[in-house]
Amino acid sequence: MPSTIFPTGTTIYQPEKCWNGYTVFQPMMHEPASPGATLIDMNGNVVNQWTGLDGFPNKMLPAA
């Protein structure tokens, strides 16, 4: 029987085989309890969080 529970988050991270970077996402769009946009690093640590944003897609823009 196949597994019915799947892991979430970073399950295997091998820095020597990956490009280093960040991920920006919005976990719950159009929900009253939405935390807004969240920026995480390669280890899943929250780097920054912007509240009050609601929309898709969230994008990182270069500094002016």
Side-chain angles (χ1 to χ4, degrees):
M1 176 185 292
S3 174
T4 58
I5 299 174
F6 297 96
T8 60
T10 304
T11 56
I12 298 174
Y13 174 48
Q14 297 173 335
E16 67 279 359
K17 295 185 177 184
C18 298
W19 290 92
N20 200 10
Y22 297 94
T23 301
V24 62
F25 67 97
Q26 187 168 349
M28 299 182 295
M29 275 187 13
H30 309 301
E31 296 290 329
S34 174
T38 303
L39 180 70
I40 60 171
D41 64 13
M42 294 295 287
N43 294 307
N45 300 314
V46 174
V47 176
N48 202 346
Q49 197 164 31
W50 296 272
T51 58
L53 297 177
D54 190 24
F56 183 79
N58 295 146
K59 296 180 182 179
M60 294 293 296
L61 300 175

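Any value given below was found using the heavy atoms of this structure, including those in side chains, with hydrogens, waters and symmetry copies removed. No experiment lies behind these values; they were computed from the predicted model shown. If you read the sequence from its start, that first residue is 1, and numbering goes on from there.
Counting heavy-atom neighbours within 6.0 Å of Phe25 CZ, excluding the residue itself, gives a total above 12.
With sequence neighbours left out, Asn48 forms a side-chain hydrogen bond (donor to acceptor under 3.5 Å, both in side chains) with no residue at all.
Cluster membership check: Val24 shares its hydrophobic cluster with Tyr22, using side-chain heavy-atom separations under 4.5 Å among Ile, Leu, Val, Met, Phe, Trp and Tyr.
The shortest non-hydrogen separation linking Met42 to Cys18 is CE-CB, 4.1 Å. Smallest separation of non-hydrogen atoms from Val46 and Ile40: CA-CG2, 4.1 Å.
Distance alone, capped at 3.5 Å, places no donor-acceptor pair between the Asn43 side chain and the Asn45 backbone.
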